[in-house]
Amino acid sequence: STSSASGGSSTNATTGTGSSQSRQAAEDARKDRTLAEFMLMLDDYEPLIPNEVTDYYLQKVGFECEDPRLKRLLSLAAQKFVSDIAADAFQHARIRTNAAGGRARANQPLYGGPGSLKDRTRTTLTMDDLSAALQEYGINARKPDYYL
């Protein structure tokens with residue numbers, strides 16, 4: 001009777017592993033379907049970075065690929081990277097203008113002209129804002145203080 005009890009528990013353990021494997025297989029199949037659907041969407045997608053630019057830089061670094069979907073995927077990744085940097089630079093600019101502009105803006109007129117209300121809502125990105133955003137990604141874009 002002890003051997004049948006131990007045999008029953010090993011069967012349960014195998015069944016538990018089997019259901020875990022089937023869940024993993026179902027999850028892998030779902031991920032494959034999602035990837036296949038995404039790759040099909042790339043057929044119709046036209047990235048902001050022109051294909052010629054992507055081809056030029058891929059060729060320049062020695063990357064050879066004939067699949068246009070993979071090139072579009074790389075263009076999309078580059079577009080996201082540039083977009084993230086621009087968004088971070090914009091946040092740095094907003095922080096800078098809000099920190100420095102509270103007192104300076106109070107003296108400006110509300111009517112049209114260079115100090116109008118419309119101009120107050122505009123944010124100007126500077127090289128310092130871009131440098132700070134790039135620094136978060138490990139890219140040093142600052143120029144030396146003195147040129148020799």
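Everything quoted here is computed from the prediction, not taken from an experiment.
A donor-acceptor pair under 3.5 Å is formed between the side chain of R72 and the backbone N or O of D43. Using a distance-only test at 3.5 Å, with no hydrogens or angles considered, a donor-acceptor pair links the side chain of N98 to the main chain of R94. D129 contributes a side-chain N or O that, together with a main-chain N or O of T126, makes up a donor-acceptor pair within less than 3.5 Å. Side-chain N or O atoms of S83 include none that pairs as donor or acceptor with a backbone N or O of Q79 at under 3.5 Å.
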Side-chain donor-acceptor contacts of residues 48-64 below 3.5 Å, not counting sequence neighbours, with atom names and distances?
| residue | atom | partner | partner atom | Å |
| --- | --- | --- | --- | --- |
| T54 | OG1 | P50 | O | 3.4 |
| T54 | OG1 | S75 | OG | 2.5 |
| D55 | OD1 | K71 | NZ | 3.2 |

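For the residue pair M39 and R69, the shortest heavy atom distance occurs at O-CD, 3.4 Å. Here the closest non-hydrogen pair linking L125 and F90 is CD2-CA, 3.5 Å.
Under the 4.5 Å side-chain heavy-atom criterion for Ile, Leu, Val, Met, Phe, Trp and Tyr, Y45 and F38 are members of the same hydrophobic cluster. In this structure, L76 is not a member of the same hydrophobic cluster as V82, with clusters built from ILVMFWY side-chain heavy atoms closer than 4.5 Å. Note: the hydrophobic cluster containing L73 also contains L35 (ILVMFWY, side chain heavy atoms under 4.5 Å, direct or indirect links).
Between the side chains of E136 and H92, at least one donor N or O sits under 3.5 Å from an acceptor N or O.
The distance from atom OG of S131 to atom CD1 of I139, rounded to the nearest 0.5 Å, is 10.5 Å.
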For I85 and L134, what are the C-alpha separation, side-chain angles and deciding distance, and is it a side-chain contact (heavy atoms from CB on, under 4.5 Å)?
CA-CA 7 Å; I85 290 172; L134 287 171; 3.5 Å; yes

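Every residue two or more places apart in sequence or in another chain was checked for a side-chain contact (heavy atoms from CB on, under 4.5 Å) with Q91, and none qualifies.
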